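Every value quoted in this text rests on a predicted model; they were computed, and no experiment measured them. Convention: sequence-line order gives letters A, B, ...; per-chain numbering from 1.
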Amino acid sequence: MQSPEAQLEILKHGSAQILSEAELLTKLRTGRALNIKLGVDPTAPDIHLGFTVCLQKLRQFQDLGHQAVLIIGDFTAMIGDPSGRSKTRPQLSHDTIMANAKSFQQQAFKILDPAKTRTVFNGEWFEVMNFEQIIRLNSRVTLQQMLHREDFRSRMERGDSVRLHEIQYPIIQGWDSVMVKADVELGGTDQLFNILVGRDLQREEKMPEQVVFLMPLLEGLDGVQKMSKSLNNYVGVTDPPAEMFGKIMSISDTLMARYYTLLLGQTMPDTHPMDAKKELARRLVAQYHSQEEGDAALEDFNTRFSKKDLDHAELPLVPSDLLGSDIISAVVAAYVSGFQITKSRGDARRLVEQGSVQWQSEKITDMKAVLTFASGGVLRLDKTRAIRVG
RNA sequence: GGGUAGAUACCGAAGUGGCCAAACGGGGCGGACUGUAAAUCCGCUGGCUUACGCCUUCGCAGGUUCGAAUCCUGCUCUGCCCA
């Protein structure tokens, strides 16, 4: 095992903030395997690259001989966190959550070492709590403390509602830390407050306090807002190779540098930005699928977009009898059958009108055009999608 | 419980009887230019229609009117102030 000082050096890389390094060093010096906590709410079955930033760090801890404690928030997920502006999150059934948790773990283990991971569900201790215990837990935290939290404060200033149970979230999360005796809690920078509450609770329980270990938040594909499902700017770990590759190719150059450090832990190579981006995309596909699929995705991207050779690209096959003979119906059918995307006829008409649709590399802008979709022909729909007539 | 302001399309926001499928901004999509980058320019952005046009939509349910996002009644939800 590496010296505590060396470990700290390794761990610091890529982190946003550690409270405090001195405390962490002290813990590392004890020489025992530390409990490194990371919590997740299994509200969706798949995870995205944003979350892997923390998972990678956790893996690093494991490689240094520490114990990962992955907390699946089955309890918290079931309540449904209604934060966010407009809609209340649908409450999930226990079955859905457990299914999500299962696929979540599967994906997390693409990064984590299962041998050094303890997975626990927080329903284990919360479901059995009675009201008295809950009140008692609540008595440990002040309202002022909770209201100081940035996102609550700003929501109140904006005049948005904050429901009472939301201010319990930090407490719930903090109690998790007590239950698993966390030495370190990992999280994004937006977790600072929650993790600090964990420290408070641990102190009250006369326990050593956990170190707060924050990772930067990964920006989503738009390059501005943090990667999240609801903003639809994410790359899912389970996205098919071509899609994953394509999404990465669409990011800005600035963002690419960041992805290199946060997702690969490396600096961006000093090549042409486009080559650097292809390399980034290839490696991410390789990591979450396989080396071969990474190479294949790169090759396919090259034929499709760099050489603009749709004829030799891998495209979904759509039987000609589904397409009909008018272009509008064909486009709609191609979206549904090739990509499971529902477009209205108006959408399709717009695409045709605006010159997005091509049949056999010829732009079709006349929506009255009657075409024969011969087998093997390529129908281009938009920038990224095309189908082959089967 | 009392008072008061509000609920408009993906989001923000205008519109307060007909000229409203609803200004404007953002986002999204498409085109040109590119490196599926950035920047810029142009177009589109409820459904059906080649089109004329038709249909559904302005929190929900009723009502007034030739005609309602706009007026009336009730309900639901939210902010703020008071208790």
Subject >> Nucleotide nearest A/Lys277 when distance is taken to its side chain, options B/G30, B/G35, B/G31 >> reply: B/G35
Original post:
Can you list the residues that meet the salt bridge (charged side-chain N to carboxylate O under 4.0 Å, His left out) rule with A/Glu23, with sequence neighbours excluded?
Top reply: A/Arg199
Subject >> B/C77 versus B/U57 - spacing of their P atoms, nearest Å >> reply: 24 Å
Original post:
Parallel, tilted or perpendicular: which fits the ring planes of A/Phe213 and A/Phe61, with parallel below 30° and perpendicular above 60°?
Top reply: perpendicular
For residues 350-360 of chain A, tabulate all N or O donor-acceptor pairs below 3.5 Å that involve a side-chain atom, not counting sequence neighbours.
{"unit_1": "A/Arg350", "atom_1": "NH1", "unit_2": "A/Asp347", "atom_2": "OD1", "d": "2.8"}
{"unit_1": "A/Ser356", "atom_1": "OG", "unit_2": "A/Leu381", "atom_2": "O", "d": "2.6"}
{"unit_1": "A/Gln360", "atom_1": "OE1", "unit_2": "A/Val378", "atom_2": "N", "d": "3.0"}

Subject >> Candidate nucleotides B/G47, B/G31, B/U50, ranked by approach to the side chain of A/Ser356 - the nearest >> reply: B/G31
**OP:** Would you kindly give the CZ-to-C1' distance between A/Arg380 and B/G31, to the nearest whole Å?
**Re:** 9 Å
Original post:
With a non-hydrogen cut-off below 4.0 angstrom, is A/Arg349 in contact with a base, only sugar-phosphate, or nothing?
Top reply: base
Subject >> Touch class at under 4.0 angstrom, heavy-atom based, for A/Lys363 against every strand present >> reply: sugar-phosphate
Subject >> Distance-only donor-acceptor test (3.5 Å): side chain A/Asp253, base B/G35 >> reply: yes
Original post:
What is the distance, rounded to the nearest whole Å, between atom CD of A/Gln354 and atom C1' of B/C33?
Top reply: 17 Å
**OP:** Take atom P in B/G1 and the same atom in B/G74, then report the distance between them in whole Å.
**Re:** 16 Å
**OP:** Send over the distance from A/Arg350 CZ to B/G46 C1', rounded to a whole Å.
**Re:** 9 Å
Original post:
Hey, are A/Lys278 and A/Asn302 close enough side-chain-wise for a donor-acceptor pair under 3.5 Å?
Top reply: yes
Subject >> Distance in angstrom units between A/Asp326 CG and B/U50 P, rounded >> reply: 8 Å
**OP:** Would you indicate what A/Gly246 reaches in the nucleic acid, counting non-hydrogen atoms under 4.0 angstrom: base, sugar-phosphate, or nothing?
**Re:** base
